[in-house]
Amino acid sequence: MINVITELSKYVILTLMIVYTFHCFYMVWRQDEEEKNELLHQQLTMIFFIDFTAFLVICLKSMDFKVILFYIEMMIFFAAIQILYRIIYKEASLLLLNNMCMLLSVGFIMLCRLSLPSANKQLLIVAVGSAVALVIPVMIRKMKFLKDLTWVYAGIGIVLLAAVLVLARTSYGAKLSLMGIQPSEVIKITFVFFMASILCGRVDFRKVVLATVVAALHVGILVLSRDLGSAVIFFVTYLVLIYVATRNPGYMLLGLGGGCVGAVIAYHLFGHVRQRVSAWRDPMAVYQNEGYQIVQSLFAIGTGGWFGMGLCQGSPEKIPVVKNDFIFSAICEELGGIFAICLILVCTSFFLMIVTIALKIRNPFYKLIALGLGTEYAFQVFLTIGGATKFIPMTGVTLPLVSYGGSSVMCTILMLAIIQGLYILREDEDEDIETQRKETFERRGKRTASARPGSRQTP
């Protein structure tokens, strides 16, 4: 009976995920607010049934009733965050909030299936991060001096990265964390704020050089620490923001050329880089060593097929570091390739929403922040999924909101809170413009009325 429930559950979960993904894109084209609200409520219902079905299966297969307790705690968290946002920030983007809850749900399902203690720890970190994130939209709205802290952002980033380089221990071939915290995740935010601050005004060659020097220091320290995934994310974000701020394709081409030269130099200097390239080119040839991880990932993806084996039916635990870097492979194995494609589309919807918000913001500082954070999010998703599917060499970064990792999920939630603050700020800008239009219309109406014959009274 349990096997029948497990087999049916994967089709139920897949169907709900497909409908949810369709809603994400369908809502973009709809203008009726009542219809949008109805679709948003339907999304929440789908998230609830996906979670209920998945955790029922996990509980039945594991016979661990702590899973039920975790499920209750998780649903309380989702209910609290949805209610609080609706009370505190009535103008917030609920689709952005729903997508965050959906990605967190997928992460919690897979983490609970792989390691319940890890899932409990992740839920605690997510709850704390969400509580902190509730005050960020207010800060974005009120703290107008943020664009003046240019060199504070630069200093924080360089000092923290240098501290990791000097003091951190090597883990999986790279220096990543200091006292259990991965500073590069926090510095993703400060780096974007630095770039937006220095490029938001009139951009001349001097500012481009200063931005390039600071970006080079960030990327260089990360390369020396062998945190190659973060180094690539910082570099791509730098290129995008430089191009958007200057509209000069020459800077983009120079940056790409410099990046290619740097990649070749890193390949010859660092054995760690050569190992990852070797594993990417022919993982079966080095299966016993550096190719083992990617081969197991590909086996898992192939085994799952289009519809997956069902929760707790596969062997994702055979993939090294599956909770962190290769959780996408575990999703493909147990929930299927179609579910994984839908997950990618939800992440794409996330990115497109952020870009849409950025395009509608008129303040150049906030516009660049939104574009920078959106670029970091999208490229991190690309690196994680690309590495797991052997599309690109492994970079050792996590899938935002889905993978296990306290620093990553905490900072991603803070980034999304900043985006929510920018969305609310955009709504404020629209209201100000509408108010100005009404005032202009009223003044014109008064001038027209006073200019009509007989409108003036003779003394």
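Note that the coordinates shown come from a computational prediction; the quantities given were computed from them, not determined experimentally.
- Nearest heavy atoms, S118 versus K323: OG-NZ, 2.8 Å.
- Across all their heavy atoms, L345 and T21 have their closest contact at CB-CG2, 3.5 Å.
- Counting heavy-atom neighbours within 6.0 Å of F391 CZ, excluding the residue itself, gives a total of 12 or less.
- Without hydrogens or angle criteria, S297 side chain to Q293 main chain gives no donor-acceptor distance under 3.5 Å.
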Review point. Going through the checks in order, is the salt bridge (Lys or Arg N to Asp or Glu O under 4.0 Å) test met by E73 and K66?
Key: CA-CA 11 Å; E73 292 172 348; K66 291 181 181 178; over 6 Å; no
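- When all heavy atoms of A196 and L368 are compared, the pair lying nearest together is CB-CB, 3.7 Å.
- A donor atom on one side chain and an acceptor atom on the other are found under 3.5 Å apart for Q82 and N98.
- Formation of a donor-acceptor pair under 3.5 Å by the Y20 side chain with backbone atoms of N99 is found in this model.
- If you check the side chains of T212 and Y238, you find a donor sitting under 3.5 Å from an acceptor.
- At a cut-off of 3.5 Å, with distance as the only test, a side-chain donor of K188 or Q380 sits close to an acceptor on the other residue.
- Taking the six-membered ring for Trp and the full ring otherwise, the centers of F379 and F382 sit less than 6.0 Å from each other.
- For E334 (side chain) and G314 (main-chain N/O), a donor-acceptor pair under 3.5 Å exists by modelled atom type.
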Practice item. Given side chain to side chain donor-acceptor pair (under 3.5 Å), test N324 with S403 step by step and report yes or no. Key: CA-CA 5 Å; N324 305 83; S403 296; over 6 Å; no
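- Checked against T375 for a side-chain contact (heavy atoms from CB on, under 4.5 Å), the options V244, V240, I354 give a single hit: V240.
- Between T398 and S408, the side chains place a donor N or O and an acceptor N or O closer than 3.5 Å (distance only, hydrogens not considered).
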Check your understanding: Where do C101 and I81 land on the side-chain contact (heavy atoms from CB on, under 4.5 Å) test, with the steps shown first?
Key -> CA-CA 9 Å; C101 292; I81 200 70; 4.1 Å; yes
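- Atom CH2 of W306 has 12 or fewer heavy atoms from other residues, nucleotides or ligands within 6.0 Å.
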Point to revise | Criterion side-chain contact (heavy atoms from CB on, under 4.5 Å) on I242 and M252, from CA distance to verdict | key: CA-CA 7 Å; I242 284 288; M252 175 72 77; over 6 Å; no
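- In this structure, G372 and T237 approach most closely via the heavy-atom pair O-CG2, 3.9 Å.
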Review point. Does the pair K61 and Q313 meet the rule for a side-chain contact (heavy atoms from CB on, under 4.5 Å), with working shown?
Key: CA-CA 9 Å; K61 295 293 288 187; Q313 297 290 94; 2.8 Å; yes
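- By the 30° and 60° cut-offs, the orientation of the rings of F365 relative to F193 is perpendicular.
- Atom OH of Y287 has more than 12 neighbouring heavy atoms from other residues, nucleotides or ligands inside a 6.0 Å radius.
- Taking the six-membered ring where tryptophan is involved, the planes of F48 and Y71 are tilted, since the angle between them lies from 30° to 60°.
- Remark: side-chain polar atoms of Q420 are not paired, donor with acceptor, to backbone N or O of P137 under 3.5 angstrom.
- For the atom pair NE2 of H23 and NZ of K36, the computed distance is 13.5 Å after rounding to the nearest 0.5 Å.
- Judged by distance alone, with hydrogens and angles left aside, the side-chain atoms of D325 form no donor-acceptor pair with the main-chain N or O of V321 at under 3.5 Å.
- When ring centroids are compared, F194 and Y153 stay outside the 6.0 Å threshold.
- With sequence neighbours excluded, the residues satisfying ring-ring contact (aromatic ring centres under 6.0 Å, His included) with Y11 are F307.
- Under the 3.5 Å distance criterion, the side-chain polar atoms of W280 are left unmatched by any main-chain donor or acceptor of M394.
- Between Y377 and F350, the distance separating the two ring centers is shorter than 6.0 angstrom.
- A salt bridge does not link E333 with K318: none of the charged nitrogens is closer than 4.0 Å to a carboxylate oxygen.
- Under a cut-off of 6.0 angstrom, the local environment of CZ in R274 is crowded, with over 12 non-hydrogen atoms contributed by other residues, nucleotides or ligands.
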Practice item. Under the side-chain contact (heavy atoms from CB on, under 4.5 Å) rule, what do L239 and V236 come out as? Steps first, then yes or no, please. Key: CA-CA 5 Å; L239 286 182; V236 171; 5.6 Å; no
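- Residue K147 places its NZ atom among 12 or fewer non-hydrogen atoms of other residues, nucleotides or ligands, all under 6.0 Å distant.
- Looking at V186 and S407, their side chains never come closer than 4.5 Å, going by heavy atoms from C-beta outward.
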